[in-house]
Enquirer: 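Before we start, here is the structure in question, set down as structure tokens.
Below, chain A is the first sequence line, B the second, and so on; all start at residue 1. Computation of the quantities below employed the complete heavy-atom set of this structure, encompassing side-chain atoms and omitting hydrogens, waters and symmetry-equivalent molecules.
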Amino acid sequence: MDHPPQPATILELRGIGKQYRSKGRARQGGGQTVVALNNVTLDFRAGEIFGLVGESGSGKTTCGRLIVGLEKADQGELLLEGRSYGTLKGESLREYRRQVQIIFQDPYQSLNPQLSILDSVAEPLVTNRVGDNKERLEKVLTTLKAVGLSPPEDYAFRFPHQLSGGQRQRVAIARAMILGPKVLVADEPTSMLDASYSAQIFDILLEVRQRLATTIILITHSLAAARYLCDRIAVIYRGNLMETGPADAVISDPRHPYTQALIDATPKFGDCGPIKRYGTLVSPERPASGSAGCAFFRRCGLAHLGRCARQAPELTPLTLGHLVACHYASQTPVPETGQACRLGGM
Amino acid sequence: MALLEVENLSIGYRTKKGVLQAVDNVSFSVEAGRSLGLVGESGCGKTTIGMALMGLLPRNGRVTAGTMRLMGRDMLGLSREQWRELRWKEIAMIFQAAMNALNPVQRVDQQIAEAILTHNPGLSRGEAHSQVEGLYQLVGLPLERLRDYPHQYSGGMKQRAIIAMALACNPKIIVADEPTTALDVIVQDQILQETKALQKEFNIGIIFISHDISIVAEVCHHIAIMYAGQMVETGTTDEVFRDAKHPYTRALLGSFPALGGERRPLRPIPGEPPLLVGQLMGCRFCDRCPVHGKACKLEPPQRRRFSDTHFALCDHCD
């Protein structure tokens with residue numbers, strides 16, 4: 001399986017499944033099982049930026065939380081450098097947590113308002129009993145500088161409310177990076193920020209990867225951001241992997257109807273080149289087919305009532321490293337002049 | 001004549017630290033059936049303008065200079081009663097965070113019917129409800145969901161209900177403040193296309209407030225870029241995107257990743273916008289500007305004209 005030029009796999013998801021039970025009384029729709037992730041198999045290579053792309057509710061955040069150990073998978077296995085997360089205990093579990101860090105979506109909520117920036121960023125060092133006070137201070141200052149908060153002395157003694165959103169997110173990155181983790185999960189790190197700040201955060205992530213060879217798993221809803229940052233991406237829909245492959249290949253030549261619908265819907269501006277519409281989304285949704293069929297069946301314009309309704313497609317390789325879960329992906333490319341899903345009858 | 005004309009509008013907020021100049025000398029106009037995009041980062045004054053147009057500025061906010069005219073009629077001298085008649089009937093707003101704009105303990109159709117009845121006291125309840133049904137069909141909501149409560153709707157459905165409500169009294173102008181920010185791309189795209197279609201159908205003028213330049217590029221005819229309370233560049237969408245003049249506009253365009261074309265490095269804008277309290281001298285973008293000259297810090301920049309529609313507030317753009 002291994003191709004020599006590819007870097008080693010650092011983290012692996014094998015057949016991960018996760019279900020939640022909805023809250024509330026049964027009559028009001030409670031007590032139902034919601035599938036957050038369904039048989040997800042992915043590998044992350046050392047030093048790459050991998051994008052998990054999907055809409056809200058697709059399971060991409062659940063996937064990120066599973067990777068850092070904030071959730072437990074119901075099925076499947078999670079391996080860091082070949083060691084299964086489920087077997088870790090005590091010191092080796094702590095080691096795993098040091099190696100896999102996360103930054104959250106909302107920098108207004110992820111920092112303790114009562115701790116100074118210094119205390120916040122130094123907290124992982126204190127918890128893990130690294131160094132003495134002087135060494136910690138030094139380490140905090142160099143890390144703050146590395147995320148673009150310089151001179152660091154100006155920021156270390158401030159409190160979160162004295163910083164802008166972009167600066168807070170940098171503090172969150174510093175805090176996640178201070179233990180030198182091998183894997184960093186970034187959960188929508190810029191969705192709460194203005195454009196000029198998000199570009200700064202993107203560049204910091206790129207720099208972190210370049211300097212420390214950290215593997216970054218970027219969770220995002222934006223294909224444009226994924227295209228800019230990521231080496232490879234995976235598109236998730238309702239807990240199912242739809243398409244995965246090199247970012248350029250997936251975005252310039254999407255083969256799954258859902259990926260195509262996402263690209264149709266993304267606002268285009270600037271020098272996008274010729275824009276083609278795939279028009280693979282049907283509206284309104286068609287009735288459900290039961291649980292056996294393809295997850296995208298209800299909204300898919302290409303779906304075949306017999307096959308797609310009854311049998312969920314497997315993720316199959318199309319070209320090297322480009323995998324698609326669609327019965328029709330290997331056939332000739334989708335006609336470009338398909339009926340576009342436009343409401344309002346224009 | 002333009003539907004809405006705003007000239008030299010300035011708005012200030014009283015704060016503990018002094019008067020905050022949220023909007024400074026802003027002029028624009030909106031024609032029937034056209035849309036204007038107000039683009040800028042948070043704190044640039046775009047929502048303040050929207051609130052002023054609705055007569056809904058908070059207590060500490062005040063229009064300090066300028067005029068706002070709706071179909072030739074001065075809006076600033078209106079009494080509270082007159083505002084109440086104007087609002088929703090002539091000018092309606094789609095608020096930011098549609099999720100929270102609906103009353104959670106009232107059925108959605110009731111809320112919309114109430115808005116209709118308030119402004120058309122002559123109508124009967126039944127007539128108002130049949131109008132609500134018409135609105136539901138217009139915005140693509142299923143009729144069997146009329147009697148639902150807001151929490152039973154998805155985000156996109158709530159947004160559609162809010163749009164239905166804004167359309168309820170046939171306004172001439174709609175102010176849409178970040179109408180799709182909390183929505184997924186596919187739903188966002190549907191709502192944007194729908195808004196465009198409705199605008200065409202009813203010849204409505206739309207002011208589209210957003211921080212996302214790519215959305216505005218998709219739906220607006222004209223664009224006004226705001227920075228620190230000032231309108232730094234205005235023009236047709238084509239002019240602003242193809243031939244941006246102001247350094248801030250260029251920087252903003254350069255900091256957005258695109259979906260296609262060449263994969264170019266993003267250029268983040270260094271620094272932070274200025275605080276708007278107290279006397280501000282010179283150009284407000286000066287500290288973050290890559291091309292600023294010596295005089296920029298001291299002299300306020302002049303408004304330069306590039307075409308009948310294209311203006312920029314900068315001394316160093318060519």
Enquirer: Counting only non-hydrogen atoms closer than 4.5 Å, does A:Ile251 touch chain B with its backbone (N, CA, C, O), its side chain (CB onward), both, or neither?
Expert: side chain
Enquirer: Which bit of A:Tyr228 is near chain B, if near means a heavy-atom gap under 4.5 Å: side chain, backbone, both or neither?
Expert: both
Enquirer: Measuring from atom CG of A:Leu281 to atom CD1 of B:Ile186, what distance do you get when rounded to the nearest 0.5 angstrom?
Expert: 5.0 Å
Enquirer: I need the A:Gln200 CD to B:Arg267 CZ distance, nearest 0.5 Å.
Expert: 14.0 Å
Enquirer: Could you tell me which portion of B:Leu198 (side chain, backbone, both or neither) has an atom closer than 4.5 angstrom to a non-hydrogen atom of chain A?
Expert: neither
Enquirer: Report yes or no: does B:Asp184 contribute a side-chain atom to a donor-acceptor pair with the main-chain N or O of A:Glu55 at less than 3.5 Å?
Expert: no
Enquirer: Please identify, among A:Ala226, A:Ala225, A:Ser222, A:Ala224, the residue contributing the most non-hydrogen atom pairs under 4.5 Å to chain B.
Expert: A:Ala224
Enquirer: What closest approach, in Å, do B:Glu272 and A:Gln167 show between heavy atoms, and which atom pair accounts for it?
Expert: OE2-NE2, 3.2 Å
Enquirer: Considering all heavy atoms of both residues, which atom of A:Lys268 and which atom of B:Leu259 are nearest to each other, and what is their separation?
Expert: CE-CD2, 4.3 Å
Enquirer: Once rounded to the nearest 0.5 Å, what's the spacing between atom OG of A:Ser196 and atom OH of B:Tyr227?
Expert: 8.0 Å
Enquirer: To the nearest 0.5 Å, how far apart are OG in B:Ser42 and OH in A:Tyr197?
Expert: 7.0 Å
Enquirer: If I compare all heavy atoms of B:Leu266 with all of A:Asp203, which pair ends up nearest, and what's the gap?
Expert: O-OD2, 3.8 Å
Enquirer: Would you give the length of the straight line joining atom CG of A:Asp194 to atom CG of B:Leu252, rounded to the nearest 0.5 angstrom?
Expert: 9.0 Å
